[in-house]
Structures are given as C-alpha cells and as structure tokens.
Enquirer: 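Have a look at this one.
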Amino acid sequence: MAERQEQTAPDALLTRIGQIVMLHRGGDREEARRRLLELWAETAESGDALHRCTLAHYLADTQDDPADELAWDLRALSAADELTDGRPGADPASVRGFYPSLHLSLAADYLKLDRADAARSHLRRARRAADTLPDDGYGTGVRAAITRLELRLPDTGPSEGDGWGPPRQRPER
C-alpha cells in the first residue's frame, strides 16, 4: 500500500513549477522567470529529466530575447529526448505527447530569429508528432497553434498528397 501511495503522490517540484506558471500567466513574467531560474539552479544539474524538460520549457516562455528563448527550448527538447531513452517510471506514450509543443515552440523561436528553414523543419516535426495528442482541450489547442504558425510560415508542408497541413492554394491558370 505504501508503494501505491508513493506512486500516486504528487510530484512536489512539478507542483511548484505549476504554481510559478500560474504567476507568469497572471502577468508577472519577471518574478516567474526569477523563481524558475531559482528552481533550475536547485535541481537542473542533477535533476530528473522530466523536471529539466518542464522547467526549461516554461523558462523559455519567460525570456525577452528570442535567442535565449531558443536556448531554453533546446534544453527542454534535449531533456525530453532523455525521457524517451528510458527514464524509470516514464510512460513513453505520455512523453511522446511533449514533442508537438516542444517542436512548435522551437519553430516559433526560429521564426522570430528569421531562420525560416529551421522553423519549417520543427513545424513539420510538430505536425507529425501531433498525432500523439489526445482529443481534448490541450490537444486541440496545440493543433490549432500549429495550424496558425503554418499559415504564418508558407511552404511548411511536404509535397502534395502527404495528407497533413493546411491545403495549399493552387494558382489559377
């Protein structure tokens, strides 16, 4: 029974991260960045990959400089890759659900940095990975964000007939 309770006990660090994210969403970006950086300093070097992925993903959102945002998003992706490499207790299916958002964030970062080819590459990865998302509010929101970015960044889809991405307009003859 104790083992079962341990498995269902909330992760204290993820709870703290969630509280800081609410602070950020409430409009206090500077304080959220400060607190997330404190958590990073406490845990990141020896921290669990799930914690590093989550912290880096949210730290990216608090950055003012697009290059800094990109660096944090790359850290988040790297930590997610570690999770898929066999984190004890990690559910590979749930970890795969991180990738659409991570690649979408990277695509947006690269677009801000005027690196359209890199943005297209990550946007394609986000679209392919979106199949892993549930049909709930989160999944719908991420898919919609992918579509919005595809519309801002033309020519993101592969050749016609691959069945994903927004339909392309054919020139009238």
Side-chain angles (χ1 to χ4, degrees), residues 14 17-18 21 24-25 29 32-33 36-37 39-40 43-45 47-87 90-172:
L14 290 178
I17 294 168
V21 169
H24 177 230
R25 290 183 179 158
R29 182 181 187 143
R33 179 175 39 230
L36 288 169
L37 284 170
L39 285 180
W40 182 265
T43 64
E45 290 301 316
D48 177 272
L50 175 63
H51 296 150
R52 286 185 284 117
C53 177
T54 306
L55 274 167
H57 184 61
Y58 288 117
L59 266 162
D61 294 340
T62 67
Q63 301 305 303
D64 297 323
D65 183 327
D68 293 336
E69 186 174 358
L70 173 62
W72 284 110
D73 279 328
L74 288 170
R75 285 182 188 106
L77 181 62
S78 177
D81 288 343
E82 289 178 40
L83 286 168
T84 58
D85 288 341
R87 172 184 186 252
D91 173 17
S94 65
V95 172
R96 283 192 301 270
F98 295 172
Y99 284 95
S101 179
L102 293 171
H103 284 294
L104 174 62
S105 294
L106 286 163
D109 297 342
Y110 282 120
L111 185 58
K112 290 175 194 172
L113 294 166
D114 293 322
R115 295 177 57 190
D117 288 340
R120 284 184 193 96
S121 175
H122 281 282
L123 196 52
R124 286 184 190 110
R125 291 176 189 170
R127 177 58 71 189
R128 284 192 302 266
D131 291 343
T132 64
L133 294 172
D135 289 326
D136 60 8
Y138 174 74
T140 300
V142 172
R143 284 187 203 89
I146 291 169
T147 299
R148 285 192 302 273
L149 192 56
E150 285 171 340
L151 294 172
R152 287 181 46 211
L153 187 64
D155 298 319
T156 53
S159 62
E160 288 187 36
D162 283 341
W164 70 269
R168 294 178 179 221
Q169 298 292 327
R170 289 200 170 132
E172 293 184 24

Enquirer: Atom CZ of R148 and atom CG of L104: how far apart are they, to the nearest 0.5 Å?
Expert: 8.5 Å

Enquirer: Roughly how far, to the nearest 0.5 Å, is the CZ atom of R125 from the CG atom of L102?
Expert: 12.0 Å

Enquirer: Using a 3.5 Å distance criterion without hydrogens, assess whether the side chain of T140 forms a donor-acceptor pair with backbone atoms of G137.
Expert: no

Enquirer: Heavy atoms only: give me the nearest R75-A56 pair and the separation to one decimal.
Expert: CB-CB, 3.9 Å

Enquirer: Between T147 and R127, is any pair of side-chain heavy atoms under 4.5 Å apart?
Expert: yes

Enquirer: L133 versus Y99: any side-chain heavy-atom pair under 4.5 Å?
Expert: no

Enquirer: Might you point out which heavy atoms bring L153 and A119 nearest each other, and give the distance in Å?
Expert: CD2-CB, 3.6 Å

Enquirer: Are D135 and R143 packed together at the side-chain level, in the sense that at least one heavy-atom pair is separated by less than 4.5 angstrom?
Expert: yes

Enquirer: Are the side chains of D64 and R33 in touch, meaning some heavy atoms are under 4.5 Å apart?
Expert: yes

Enquirer: Tell me if the centroids of the rings in H24 and Y58 come within less than 6.0 Å of each other.
Expert: no

Enquirer: Heavy atoms, side chains only, cut-off 4.5 Å: are R29 and D61 in contact?
Expert: no

Enquirer: Side chains of L50 and L14, heavy atoms from C-beta outward: is any pair under 4.5 Å?
Expert: yes

Enquirer: Looking at CG of L113 and CD of E69, how far apart are the two atoms once the value is rounded to the nearest 0.5 Å?
Expert: 8.5 Å

Enquirer: Rounded to the nearest 0.5 Å, how far apart are CG of L83 and CZ of R52?
Expert: 8.0 Å

Enquirer: Would you call the rings of W72 and W40 parallel, tilted or perpendicular, where under 30° means parallel and over 60° means perpendicular?
Expert: perpendicular

Enquirer: Would you say D73 and H57 make side-chain contact, with heavy atoms under 4.5 Å?
Expert: yes

Enquirer: Could you tell me which non-hydrogen atom of A107 sits nearest to which non-hydrogen atom of H122, and how far apart they are?
Expert: N-CB, 3.8 Å

Enquirer: Do you know which two heavy atoms are closest between P100 and A129, and how far apart they sit?
Expert: CG-O, 3.3 Å

Enquirer: Of the non-hydrogen atoms in C53 and A80, which two are nearest, and what is the gap between them?
Expert: SG-CB, 3.9 Å

Enquirer: How long is the gap from CG on L77 to OG on S101, to the nearest 0.5 Å?
Expert: 11.0 Å

Enquirer: Working to the nearest 0.5 angstrom, can you tell me the gap between L59 CG and I17 CD1?
Expert: 9.0 Å

Enquirer: Ignoring hydrogens and geometry, is there a side-chain-to-backbone donor-acceptor pair from S121 to D117 under 3.5 Å?
Expert: no

